[in-house]
Structures are given as C-alpha cells and as structure tokens.
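Data first, discussion second: the structure below is written as structure tokens.
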Amino acid sequence: MSNSKITLPDGSVKEFPAGVTGMGIAKSISEGLMRNALSIEVNGEIWDLNRSITADAAIKIFTWNDKGGKYAFWHSSAHLFAEALEALYPGVKFGIGPPIENGFYYDVDLGDTPFGDEELLAVEKRMIELAKVNNAFVRTDVSKKEALEYFTKKGDPYKLELIDGLQDGSITFYQQGNFVDLCRGPHIPTTGPIKAIKLLSVAGAYWRGDEKNKMLKRIYGITFPKQKELEEYLFMLEEAKKRDHRKLGKELELFAFSEKVGMGLPLWLPKGTVLRERLEQFMRRAQVKAGYDPVVTPHIGSKQLYVTSGHYEKYGKDSFQPIHTPDESEEFLLKPMNCPHHCEIYKTKPRSYKDLPIRYAEFGTVYRYEQSGELHGLTRVRGFTQDDAHIFCRPDQVKQEFVKVIDLVLFVFKSLGFENYTAQVSLRDPENKAKYIGDDELWDKAEREIQEAADERGLKTVAVKGEAAFYGPKLDFMVKDALGRSWQLGTIQVDYQLPQRFELEYVGADNQKHRPVMIHRAPFGSLERFVAVLIEHCAGNFPLWLAPEQFSVLPISEKFNDYAQKVVDTLKESDIRGFLDDRDEKVGRKIRDSEVKKVPFMLIVGEKEAMEGKISVRRHGGEDKGSMFLTDFVSAFSKEFGLPSL
RNA sequence: GCUGUUGUAGCUCAGGGGUAGAGCACUUCCUUGGUAAGGAAGAGGUCGAGGGUUCAAUUCCCUUCAACAGCUCCA
C-alpha cells in the first residue's frame with residue numbers, strides 16, 4: 001500500500017500509510033493534540049477523526065478552540081441528547097438536530113407529551129450517564145433503500161422525508177450505543193469528552209420552518225468538555241440578562257414603549273435623548289470633516305416616489321399602507337427609506353463631473369411595518385432613525401469613496417469601544433437572481449469593488465451569498481460586544497440601480513451625459529439599534545462623553561446645598577451635565593443612588609470642601625479621586641467629557 | 001404573521017369565585033448625617049381591554065391587545 005502525503009496547516013508535508021486516520025496524524029504530532037482533537041478538516045471538508053484518509057490531503061486538526069471542533073462536539077451532543085430522549089420516551093420522532101452558534105438543538109415530535117423544565121433535567125441526567133459509557137460514534141454508508149427501510153421500520157416520518165431528498169450513495173448513518181441517526185457528520189470519536197451538559201429551553205418550531213407544517217418541540221442545549229466552561233457560559237447568560245438593554249433602558253430611564261402609542265414605536269425619555277443626541281453630534285461632526293452635506297427630507301413621500309425606486313413593488317404589500325388624502329386621490333407612504341428623497345435632491349440642478357462626489361447626510365427617521373413577532377426592544381422597531389447618507393460619485397470614484405466610508409465606520413467603532421469587528425461582504429444569491437434588480441454586469445462590478453475596497457483597508461471579510469439588498473451588494477459590519485456576542489451594525493452599499501431608475505446624470509469632461517453611482521451607508525445602522533447594542537456592550541456604563549448625567553453633586557447635609565448648587569452651575573457652564581442631589585438623606589444613601597443610576601462622577605461636598613472651595617471626587621464603582629479644585633477636575637477630565645474626534 | 005407563556009400599585013412580584021397585598025420608589029414629618037439603603041406616618045390599583053358563565057368574576061370560559069421565548073421575515 002502506498003503512502004499518503006499529508007500537508008499540515010504550517011505547510012509542512014508528512015507521509016503516512018494510506019488509510020491513516022485523523023487521530024493517527026494527531027498522535028504523531030503530539031499526545032496533547034491527540035487528547036484535544038475533535039475533528040479534522042480534510043481538503044476543506046470536515047471529517048471524523050477516525051475516518052481513513054486514503055489519498056494525499058491538506059489537513060487541519062480541530063480542537064475545542066476551532067469552530068469546526070466545537071460544531072462536531074455539539075453535533076455529537078445533539079445525538080447524545082436524542083439517544084437519551086429516546087431511552088426515556090420510546091417512539092419519539094426526530095426532525096433535525098444541528099449544532100448552532102452556541103450549542104445545539106433537536107426538533108422532536110413528542111406528540112402531546114408535556115415537556116418542561118423537569119423533563120429537561122431528567123433527560124440531562126440520562127445524557128450524563130450515557131456520555132460516561134463513552135460509546136463510539138460509528139459511521140456507516142447506507143444505500144437509500146436501506147435508509148428508507150430502517151426509518152420505515154422505526155416509524156420516523158421526518159427522517160423518511162429527509163432521506164427522500166438525498167442522493168443515493170451519499171447517505172450515511174451514525175450510531176452510538178443503541179441510537180442510530182441519519183447524519184452527514186462529522187462527529188467526535190466517542191461520547192466521553194462530553195462532560196458538562198445543560199439543556200436550556202424548549203420552544204416550538206415548524207417542521208422545515210414552514211408554518212403549514214406540524215409544530216415540533218425544539219429543545220436547545222449546550223455542552224462543554226469541562227464543567228468550568230459550562231459554568232462560565234451560564235454566568236455569561238446571567239450577565240447578558242443583567243445587561244439587557246430593555247431592562248437597563250427602563251431602569252436608567254432612557255426610553256419607553258406605550259401600548260397607546262403603538263408597538264415598536266419607541267419613546268425617547270430625556271436621558272435617552274441626551275445619549276442619542278450626543279451620538280448624533282459626534283456623527284455630524286465626523287461627517288462634516290469627511291465632506292458630507294447635511295440635508296433634511298419629510299417623513300412621508302408620494303407613493304410614486306417609491307414606485308420609481310422599486311421599494312413599493314418589493315415591500316409595498318408588507319408595509320404600512322398608503323395614506324390617502326381626502327380630496328384628490330393622492331397616495332403617500334410613510335418614508336421607508338431616505339434614498340429616493342436624496343435622489344430628488346440630486347436632481348434639483350444639473351451636475352458636473354467636477355461636482356462629484358456629492359455626499360448627502362441625514363438623520364432620517366423611517367417607518368417599516370415589521371412583523372409583530374419580530375419587534376424586540378430597540379433592536380427591531382417600526383420607526384427608527386438611520387444615520388443615513390448617500391454618496392453620488394463617478395464610476396471611477398467608487399472605490400476611493402468606499403474606502404473613505406470604511407475609514408469612517410472604523411473610526412466610529414473605535415470611538416465607542418468596539419474593538420472586535422468583522423465585515424461581511426453580502427452578495428447576491430446566484431440561484432435566485434429574480435430577487436434582485438439590475439443586470440449581471442453591474443452587479444459583478446459592484447461586488448468586485450466592495451471586495452477590493454475592503455482588501456485595501458486590510459479588513460477581514462467573509463463573503464455570504466444571498467444577503468445583498470435587492471438593488472446592490474453590501475459590506476455589513478459585525479461587532480462583538482463585551483460578552484462576545486455578535487451584532488450587525490453599520491452597512492455600506494454600492495448601488496447602480498437607483499441612479500438608473502431616477503435617471504440621475506452628470507455632465508462629463510467630454511460634455512456627454514453620464515450616470516453617477518450611489519453609495520448608501522449608515523455607520524450606526526439605526527440609532528435605536530446602535531444604542532441598544534451600546535447599552536449591552538457597556539452594561540449601561542457609558543463613556544463619559546455619552547453619559548446622560550456625567551456627575552452628581554452630593555452635599556453632606558443641607559447646610560452645604562448652596563455651595564453644591566454653585567458647583568453644579570459652574571460645571572454646567574463648561575457644558576458638563578449633571579444634577580444636585582439635595583434630598584434630605586445621608587451621603588451614603590445619595591452615593592448608593594448615584595451608583596445605581598451609573599453616574600460616572602459623584603462630587604461630595606461638606607464642610608471641608610466648602611471651606612477650601614474644593615470637591616471630593618468619587619468615580620462610579622467606588623474609586624476615590626480625592627479632593628480637588630473644580631477647575632482641576634474639569635481640566636483633568638476635559639478630554640473624556642468632549643466628543644472624540646478624528 | 002404563526003405557536004407557546006405571561007399580563008395585579010411607578011418598579012419587582014405574592015395572592016385568589018365574596019371588588020386586593022409586600023418590598024422598593026413617591027408625599028409629609030423627625031433626623032443634619034463624610035463615601036452603596038437613618039426613622040416614622042401617609043398616599044397610591046376599573047387586578048391589560050371587551051364579552052360570557054354565576055346571586056357574585058380580578059380569579060372560571062371566549063375574544064382582543066401587548067410583552068416575552070421560538071419559528072418565518074428584514075429596503
């Protein structure tokens with residue numbers, strides 16, 4: 001038997017006897033790697049560690065630190081769950097059970113059997129017992145006929161439906177213990193490494209995501225190789241609950257919802273408004289520096305405007321319905337997008353190639369009829385404000401403009417403490433071109449330009465098909481917050497379609513009419529969503545320049561209220577925001593209340609301070625900065641009080 | 001939009017066929033207190049909305065609205 005040339009991730013090539021397994025390779029590298037190995041990537045495909053490699057291959061061994069390793073681990077955990085469930089509920093029918101971002105789920109049909117927290121615990125217990133048995137996951141190739149026979153006999157209609165859609169010859173079963181499942185794999189070698197198990201929740205989910213189908217029970221769970229990691233994860237979940245922007249938004253009096261106003265329509269309270277307006281000021285200033293011109297457009301527009309833009313055709317049916325005027329049969333739509341309005345601004349006069357690029361920026365509030373079940377705090381609402389702008393430029397300027405926008409977006413992220421971000425190039429779905437408008441050539445060009453611009457700035461990008469807007473491809477920015485959760489924020493889009501639909505033109509150096517290109521962009525995305533993410537990122541402890549209340553002045557007793565008031569007045573003159581807590585309470589109480597409200601600075605004044613004309617500065621969290629003159633306080637933190645700048 | 005759960009004071013929640021309770025917040029009084037809750041008294045609710053069953057409904061039933069979780073969707 002000949003040898004296989006195995007290329008390792010570092011580029012080195014090792015020879016192994018043909019038929020070597022991933023485990024064998026891992027062992028040859030190190031004992032430690034063998035212990036931690038979970039799956040292996042073979043020529044770009046993820047395999048089981050004990051599957052034989054018969055040809056030359058480039059491989060990478062995955063451990064818990066790799067997505068490929070985690071997915072195999074959780075996928076195997078889903079099978080372990082199924083095995084435990086079947087042991088306790090014979091006859092249960094299984095849907096699908098994939099690994100997900102955090103753990104796994106399995107869709108099951110338990111008939112009318114009630115299934116709640118107690119049942120989850122029971123299954124969890126059985127899973128732990130079964131994991132200890134350390135059964136191997138055994139892969140077998142089966143023919144379609146065999147597969148159908150097996151599940152017909154077992155009586156599992158969902159699996160039969162799945163097999164029906166599969167190609168004969170590419171069907172595999174996996175078995176561990178007494179449990180056999182239709183599965184493509186890959187799996188970890190044995191159940192043993194699954195040491196820490198938590199079944200998290202039960203929810204309804206339609207078979208194959210179609211509401212016409214039967215609703216199955218979807219059981220979510222997560223597993224880890226170590227108990228400690230599970231505990232950390234559960235702690236993180238608790239922490240996420242504490243940081244939930246809906247909870248903090250209420251506690252910190254930032255925003256509210258009212259049934260009377262209508263669902264998904266946020267009311268910004270005074271403190272939330274300060275926060276929001278600070279963000280706006282920050283962005284306005286950055287945009288002026290970047291050459292944008294602010295514009296303002298109305299909240300409604302003639303239906304015809306959106307027919308022209310294509311939005312009506314695409315989203316009209318599912319939107320807020322047109323507003324009809326009493327007299328004439330005019331129809332208006334609540335503005336769902338700012339771009340058509342900006343196109344009309346562009347058209348107010350003839351444009352020369354020398355005028356371009358023109359950049360119109362607007363904090364434009366738009367209204368979209370989101371499905372009721374989709375509404376979620378500030379992250380998904382029906383009326384929201386985009387930090388929108390449209391750049392009209394010549395085709396030869398697209399890339400350079402795109403790069404400038406990337407710089408702006410990254411500046412925003414940096415200023416707000418989002419250090420971890422990735423960018424997604426959202427492309428069109430090549431299988432379903434009818435979803436999009438415009439011809440292939442322009443799409444290809446736009447997709448290329450986005451990728452080039454991203455590369456130029458050294459952005460780490462992932463391309464995802466089918467995520468484009470209907471008029472053009474996008475570069476979407478995802479940030480990771482302090483708890484490691486990913487959020488989609490800013491977006492930049494190249495658009496060749498709207499200029500065509502609105503017949504936008506400019507006169508070129510050749511004295512001929514040309515069509516400009518539009519770039520849509522919103523670094524925050526929407527202020528609502530951005531504020532939500534920011535709240536959860538910093539747990540309500542906003543950077544000083546954003547804090548709705550930057551200080552509180554806490555007199556030790558009412559004897560010092562006058563002095564305290566002077567302190568407040570002086571700071572307000574320096575545009576520093578804060579309030580006087582002159583309640584008839586002890587200072588300990590006032591400190592506690594300011595701490596709970598997450599006020600960054602507590603300025604304590606008593607006899608000593610009043611005498612010396614000083615303040616005692618306590619930072620949120622308890623740090624004592626000692627006593628100082630007011631002017632020293634202001635100059636010490638003046639940088640933090642003001643807007644970050646480019 | 002679909003399925004499930006929930007809806008009681010400003011907030012967090014208890015209760016239950018005979019029209020309601022706690023803690024915090026609020027108001028007043030006492031207290032003038034030096035770095036995370038000083039004390040006392042008081043006020044506050046069509047028990048989400050509409051309908052039904054009943055002598056009697058906040059409680060049981062139906063409808064509806066909203067929130068929450070999940071599914072589908074997202075210019």
Side-chain angles (χ1 to χ4, degrees), chain A residues 105 107 114-116 200-220 244 246-247 250-251 253 256-264 306 309-316 318-319 335-340 366-377 379-382 386 388 435-437 467-472 474 488 491 493 495 497-498 520 522 525-526 529 554-561 583-597 602-609 616-627:
Chain A
Y105 68 77
D107 284 348
F115 201 82
L200 296 162
S201 61
V202 187
Y206 298 101
W207 170 236
R208 305 202 131 177
D210 187 337
E211 68 187 54
K212 287 184 212 75
N213 287 339
K214 179 162 184 184
M215 178 166 282
L216 307 179
K217 287 192 173 70
R218 173 166 298 181
I219 293 147
Y220 287 87
D244 189 318
R246 292 165 300 181
K247 181 175 139 75
K250 194 184 275 183
E251 285 171 7
E253 299 178 11
F257 290 91
S258 150
E259 285 191 25
K260 265 201 181 121
V261 172
M263 59 163 133
Y306 306 105
S309 72
H311 290 105
Y312 187 78
E313 189 198 353
K314 201 80 190 165
Y315 297 101
D318 306 317
S319 294
K335 177 165 73 174
M337 285 295 284
N338 301 301
C339 26
V366 296
Y367 300 89
R368 297 178 185 177
Y369 186 82
E370 303 291 352
Q371 292 186 34
S372 61
E374 277 319 310
L375 302 174
H376 181 93
T379 59
R380 199 73 187 275
V381 287
R382 285 178 169 173
Q386 297 176 312
D388 210 358
K435 269 170 70 180
Y436 311 95
I437 57 175
E467 289 292 307
F470 73 92
Y471 51 73
K474 307 188 284 180
Q488 193 198 310
T491 176
Q493 312 171 2
D495 180 3
Q497 316 305 332
L498 278 191
H520 308 237
S526 89
R529 187 178 166 78
L554 314 179
I556 298 283
S557 89
E558 69 186 16
K559 282 185 265 179
F560 313 108
N561 280 356
R583 290 175 306 165
D584 182 9
E585 293 289 351
K586 291 192 184 177
V587 73
R589 174 52 176 272
K590 295 182 186 182
I591 286 169
R592 186 193 135 80
D593 288 345
S594 276
E595 285 285 348
V596 169
K597 282 155 98 177
M602 281 148 268
L603 311 178
I604 294 144
V605 295
E607 189 169 12
K608 217 165 52 182
E609 289 79 6
S616 281
V617 180
R618 175 192 162 111
R619 192 114 205 203
H620 178 262
E623 191 192 349
D624 188 356
K625 295 271 182 192
S627 74

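The chains referred to below are lettered A, B, ... by the order of the sequence lines, with proteins before strands, and numbering in each begins at 1.
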(Q) Would you say A:Arg618 places a side-chain N or O within less than 4.0 Å of OP1 or OP2 belonging to B:A36? (A) yes

Q.
Using side-chain heavy atoms (C-beta onward) and a distance below 4.5 Å, is A:Ser594 in contact with A:His620?
A. no

Q: Starting at atom OH of A:Tyr315, determine the distance to atom P of B:C74, rounded to an integer number of angstrom.
A: 6 Å

Q | Under 3.5 Å on both distances, the Watson-Crick or G-U partner of B:G42 | A | B:C26

Q.
The side chain of A:Arg380 is closest to which nucleotide in this list: B:C74, B:G38, B:A75?
A. B:C74

Q. Considering only the C1' atoms, how many Å lie between B:U53 and B:U58, rounded to the nearest integer?
A. 16 Å

Q) How would you label the contact of A:Arg218 with the nucleic acid (heavy atoms, under 4.0 Å): base, sugar-phosphate, or nothing? A) sugar-phosphate

Q. Given the P atoms of B:G21 and B:G42, what is the spacing between them in whole Å?
A. 14 Å

Q | Distance, rounded to the nearest Å, where A:Glu251 contributes CD and B:G10 contributes P | A | 17 Å

Q. According to the Watson-Crick and G-U wobble definitions, with both distances under 3.5 Å, which nucleotide is paired to B:C55?
A. B:G18

Q: From the options B:A75, B:G1, B:U35, select the nucleotide whose nearest atom is closest to the side chain of A:Ala469.
A: B:A75

**Q.** A:Ser557 side chain near B:G33 phosphate (N/O to OP1/OP2, under 4.0 Å)
**A.** no

Q: Nearest 0.5 Å please: distance from the CG atom of A:Asp107 over to the CD1 atom of A:Ile219.
A: 8.5 Å

Q: Could you state the atom-to-atom distance from NZ of A:Lys597 to C1' of B:A37 in whole Å?
A: 14 Å

Q. For the side chain of A:Arg382 and the backbone of A:Leu375, is there at least one donor-acceptor N/O pair under 3.5 Å apart?
A. no

Q. Between B:C68 atom P and A:Leu375 atom CG, what is the distance in whole Å?
A. 8 Å

Q: Find which nucleotide of RNA chain B each of A:Ala203 and A:Gly264 is nearest to by heavy atoms, and output the residue with the more 5' nucleotide.
A: A:Gly264

Q: Among the candidates B:A75, B:C73, B:G70, find the nucleotide nearest to the side-chain atoms of A:Gln493.
A: B:A75

Q: Side chain of A:Arg368 only, please: which of B:A75, B:G1, B:G34 is the nearest?
A: B:A75

Q) Can you check whether A:Tyr306 reaches A:Pro336 side chain to side chain, under 4.5 Å on heavy atoms? A) yes

Q: Assign A:Ser201 to base, sugar-phosphate, or nothing according to its heavy-atom contacts below 4.0 angstrom with the strands shown.
A: nothing

**Q.** Pairwise P distance for B:C13 and B:U6, with rounding to whole Å
**A.** 14 Å

Q) Does the side chain of A:Glu595 reach to within under 4.5 Å of the side chain of A:Arg618, using non-hydrogen atoms? A) yes

Q. Reckon A:Lys250 touches a base, only the sugar-phosphate, or nothing at all at heavy-atom distances under 4.0 Å?
A. sugar-phosphate

Q) A:Cys339 or A:Val596: which one's nearest nucleotide on RNA chain B is closer to the 5' end? A) A:Val596

Q: Evaluate the criterion salt bridge (Lys or Arg N to Asp or Glu O under 4.0 Å) for residue pair A:Asp593 and A:Lys597; output intermediate values, then yes/no.
A: CA-CA 6 Å; A:Asp593 288 345; A:Lys597 282 155 98 177; over 6 Å; no

Q: Have a look at A:Glu609 and say if it touches a base, only the backbone sugar-phosphate, or nothing, with a 4.0 Å heavy-atom cut-off.
A: base

Q. Which part of the nucleic acid, if any, lies within contact of A:Tyr220, taking any heavy atom under 4.0 Å across all strands shown: a base, the sugar-phosphate backbone alone, or nothing?
A. sugar-phosphate

Q) Which value, in whole Å, describes the distance between the C1' atoms of nucleotides B:G48 and B:U5? A) 16 Å

Q) To the nearest Å, how far apart are A:Arg583 CZ and B:G38 C1'? A) 13 Å

Q: Kindly say if A:His376 contacts the phosphate of B:A67, meaning a side-chain N or O under 4.0 Å from OP1 or OP2.
A: no

Q: For B:C47 versus B:U19, give the span between their P atoms, rounded off to a whole number of Å.
A: 13 Å

Q. A:Ile556 has an atom CD1; how far is it from atom P of B:G33, in whole Å?
A. 10 Å

Q: Provide the distance between the two P atoms, one in B:G23 and one in B:G39, to the nearest whole Å.
A: 13 Å

(Q) Partner lookup for B:U5, please. Criteria are Watson-Crick or G-U wobble with both distances under 3.5 angstrom; report none if nothing qualifies. (A) B:A67

**Q.** Residue A:Tyr369, side-chain heavy atoms: nucleotide from B:G1, B:G34, B:A75 that is nearest
**A.** B:G1

Q: Could you measure between the two P atoms, the one in B:A36 and the one in B:A75, and give it in whole Å?
A: 50 Å

Q | Base B:A66 paired with A:Glu259 side chain (donor-acceptor, <3.5 Å) | A | no

Q. How long is the line joining NZ of A:Lys474 and C1' of B:A75, in whole Å?
A. 8 Å

Q. A:Arg589 side chain N/O closer than 4.0 Å to the phosphate oxygens (OP1, OP2) of B:G38?
A. yes

Q: Report which part of the nucleic acid A:Arg246 touches: base, sugar-phosphate, or nothing (heavy-atom distance under 4.0 Å, all strands).
A: sugar-phosphate

Q: Name the nucleic acid region contacted by A:Glu607, choosing base, sugar-phosphate or nothing; use a 4.0 angstrom heavy-atom cut-off, strictly under.
A: base

Q. Which whole-number value in Å describes the distance from A:Met263 CE to B:U64 P?
A. 13 Å

(Q) Using a distance-only criterion (donor-acceptor N/O pair, under 3.5 Å, no hydrogens), is the base of B:C74 paired with the side chain of A:Arg382? (A) no

Q: Name the orientation class of the two ring planes belonging to A:His520 and A:Tyr471 (parallel below 30°, tilted from 30 to 60°, perpendicular beyond 60°).
A: parallel

Q: Write down the distance separating the P atoms in B:A66 and B:A49, rounded off to the nearest Å.
A: 15 Å

Q: Rounded to the nearest 0.5 Å, what's the gap from CG on A:Asp244 to CD on A:Glu251? Could you check?
A: 10.0 Å

Q) Among B:U32, B:U3, B:A75, which nucleotide sits nearest the side chain of A:Met215? A) B:U3

(Q) Can you tell me which nucleotide in B:G38, B:A75, B:C71 comes closest to the side chain of A:Ala205? (A) B:C71

Q) When all nucleic acid strands are considered with a 4.0 Å heavy-atom cut-off, which category describes A:Gly588: base, sugar-phosphate, or nothing? A) sugar-phosphate

Q: Would you indicate whether the side-chain heavy atoms of A:Ser627 and A:Lys608 approach each other to under 4.5 Å?
A: no

